[in-house]
Amino acid sequence: MTQIGQHAIVIGASMSGLLAARALSEFFGTVTIVERDAFPSSDSPRKGVPQGRHAHGLLARGGEVIEAFFPGWTDEVVASGGRRGDIAGDTIWIGHGVTLNTVPSTLRGLLASRPVMEGHVRRRLLRLPNVRAIEGCAVQGLVATPDRSAVQGVRVKLEAGAEQVLLADLVVDTSGRGSSSPAWLEALGYARPEEERVEIGLGYTSRVYRRRPADLGGKLALVIAGHAPNWRNGAVLYQTEDSWMVSIGGYLGDHAPEDEQLFAAYARSLPSPHVYDIASRAEPLTDFVSYRYPANLRRRYERLARFPKGYLVFGDAICSFNPVYGQGMTVAAQEASLLRDCLASGDEADLPLRFFKAVQPVIDVPWDITVGNDLRHPQVAGVRPAKVRFINWYVGKVHKAARHDAKVALAFLEVANLKAPPERLLHPAVVGRVISSNLLRGCSRAPAAHASAQI
Ligand SMILES: Cc1cc2nc3c(=O)[nH]c(=O)nc-3n(C[C@H](O)[C@H](O)[C@H](O)COP(=O)(O)OP(=O)(O)OC[C@H]3O[C@@H](n4cnc5c(N)ncnc54)[C@H](O)[C@@H]3O)c2cc1C
């Protein structure tokens, strides 16, 4: 690969930062990751990634990309207690009020705690000779050329309080959904990106329980996406041979309480007896912990007319969406692949534009799936154009067919796992099965195109 710069800086060492740094390592003499937290000595949750205490699974597509970046990484996670699983055959999927009929497939997911997955990526990355990390170091702002046409580095504050400037040819912001990029760009005289927010007031309450192999009827995971009239969600994921991560919760303040009996009662209200069985009978291994997720948030950097050279935004800092389908790390992995492609081709000067345009369709897919699903909730405010109403109607029909038809279920899971484009669900063979299955079992009418587009 051609070296295109001496030094690149990555802000944040969570999944996006680590994977972006891996892509950059092929093109820059040195890559420095600047992380506000200290790295934990064991693979335990840390302050800057509070979602690491909640259910995380890695989808097939994300696993493939990370494995290609770090060959042998999956085996290392498995050696630390994680497990490969068949995303169809080993998982119970409940959505649109039905349990999908799944059979063994080639969709391979990875189940392990989030800190274990991240810890293994970080160690592999930091073994590269040209990558280093500065822990306990918070980025405070950007350093730009006098004419502000390019970013030249970052101002950082070290744990001891000292401030410093770090210079670089390229700075990549992977600091998560709380990213300061909009404010930093504004301070340099650029427009803020448009923001799309869909408020969902989601809350997850999680606890780790001792795993008994017969739990979940021997499966390795259970995922529940809420549906009228019961909008509560849940995930039970294999963490290790001996432990389950149970995360349950709901929309708009309907959250699971951090109380033994009330948590079990909430678990009982979910459309699967397995969650209650574990919450009421298995030995708890941790305390309860809660996470509030106010809104799906997408920043439209691809629409900005001006953007400084030498700067990129990446991962949740661009877009973060309801984690119900577990797509965030996979999107970060896909963005890292695209970053590598963008660095390998084209002019450096228009790198930001090329990168933001390239990631847009990659983000569109999970955004449409998850935010579209959230917009089915009648109290979630947002625009529901005809496209969203049609997708939700059709996906409902797909689920109804997938209750009995494992081929339709697999087509849906390939799309939700970001392994196949959404058009897969419109392939004539799938449409035919969806129609015949719905006709056989009774079918409701499509939403009228003139129905209200907004509530
Ligand atoms: C409850 C929940 C469950 C989820 N479950 C799944 C799942 O099952 N599967 C999946 O693929 N995804 C899941 N996700 C999404 C996933 O966690 C994220 O998409 C993924 O971590 C990528 O985020 P990121 O690296 O862009 O940002 P983050 O993970 O938010 O990391 C940002 C990093 O930047 C650092 N930082 C912030 N500001 C600064 C600064 N100024 N200076 C230096 N460092 C800074 C932080 O300390 C942190 O390390 C879930 C998310 C949530 C909330």
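Everything quoted here is computed from the prediction, not taken from an experiment. All residue numbers refer to positions in the sequence shown, counting from 1. Ligands are counted one by one from 1 in listed order, and the atoms in each one are counted from 1 as well.
- An N or O contact shorter than 3.5 Å links Val139 to ligand 1 by distance.
- Electrostatic pairing of Lys357 and Asp350 does not count as a salt bridge here, judged by no charged N lying under 4.0 Å from a carboxylate O.
- Thr32 meets the side chain to side chain donor-acceptor pair (under 3.5 Å) test with His7, Arg132; sequence neighbours excluded.
- Residue Gln261 places its CD atom among 12 or fewer non-hydrogen atoms of other residues, nucleotides or ligands, all under 6.0 Å distant.
- For ligand 1 and Ala138, the ligand atoms under 4.0 Å from any heavy atom of the residue are 42 (N).
- Using cut-offs of 30° and 60° on the angle between ring planes, the pair Trp231 and Tyr251 is perpendicular.
- Ring geometry for Phe263 against Phe288 counts as tilted: the plane angle lies between 30° and 60°, on a 0 to 90° scale.
- Ring centroid separation for the pair His54 and Tyr204 does not come in under the 6.0 Å cut-off.
- Formation of a donor-acceptor pair under 3.5 Å by the Arg232 side chain with backbone atoms of Pro271 is not found in this model.
- Here the protein heavy atom with the shortest distance to atom 2 (C) of ligand 1 is Pro323 CG, 3.5 Å.
- Under 4.0 Å from ligand 1, the heavy atoms of Cys137 that appear belong solely to its backbone.
- In this structure, a donor-acceptor pair under 3.5 Å is absent between the side chains of Thr240 and Asp242.
- Salt bridge Arg46/Glu118: present, at least one basic N to carboxylate O contact under 4.0 Å.
- Of the candidates Val331, Asp316, Leu202, the one placing a heavy atom closest to atom 19 (O) of ligand 1 is Asp316.
- Residues Phe355 and Phe314 place their aromatic rings such that the two centres sit under 6.0 Å apart.
- By the 3.5 Å distance cut-off applied to N or O atoms, Gly326 is counted among the residues near ligand 1.
- At a 3.5 angstrom cut-off on N or O pairs, Glu35 counts as close to ligand 1.
- A side-chain donor-acceptor contact under 3.5 Å links Ser290 and Glu258.
- The nearest heavy-atom contact from the protein to atom 43 (C) of ligand 1 is Arg36 N, 3.4 Å.
- Inclusion of Ala55 in the set of residues having an N or O under 3.5 Å from an N or O of ligand 1 is warranted.
- Of the candidates Met117, His56, Arg46, the one placing a heavy atom closest to atom 13 (C) of ligand 1 is His56.
- Near Ser16, the atoms of ligand 1 lying under 4.0 angstrom from a non-hydrogen atom of the residue are 22 (C), 23 (O), 24 (P), 25 (O), 26 (O).
- Taking a cut-off of under 4.0 Å to the non-hydrogen atoms of Met15, the atoms of ligand 1 that pass are 25 (O).
- When each atom of ligand 1 is checked for a heavy atom of Thr174 under 4.0 Å away, the hits are 32 (C), 33 (C), 34 (O).
- With distances taken over non-hydrogen atoms, the option nearest atom 9 (N) of ligand 1 out of Gly328, Gly57, Gly176 is Gly57.
- Checking Glu118, His54, Arg114 against atom 20 (C) of ligand 1, the nearest heavy atom belongs to Arg114.
- The side chain to side chain donor-acceptor pair (under 3.5 Å) test applied to His120 returns Ser80, not counting sequence neighbours.
- In terms of polar-atom proximity, Phe314 is not counted as a contact of ligand 1, lacking any N or O under 3.5 Å from an N or O of the ligand.
- Heavy-atom contacts of Val34 reach the following atoms of ligand 1: 43 (C), 44 (N) (cutoff under 4.0 Å).
- Taken to the nearest 0.5 Å, the CD1 atom of Ile87 stands 8.0 Å off from the CG atom of Leu413.
- Distances between N or O atoms of Gln51 and those of ligand 1 include at least one value under 3.5 Å.
- Using a 4.0 Å cut-off between heavy atoms, Ser175 contacts ligand 1 through both its backbone and its side chain.
- The contact set between ligand 1 and Tyr291, taken as ligand atoms under 4.0 Å from a residue heavy atom, comprises 53 (C).
- Set against the non-hydrogen atoms of Ser14, the atoms of ligand 1 under 4.0 Å away are 21 (O), 25 (O), 28 (P), 29 (O), 31 (O), 32 (C), 33 (C), 49 (O).
- In terms of protein heavy-atom proximity, atom 11 (O) of ligand 1 is closest to Met329 N, 2.7 Å.
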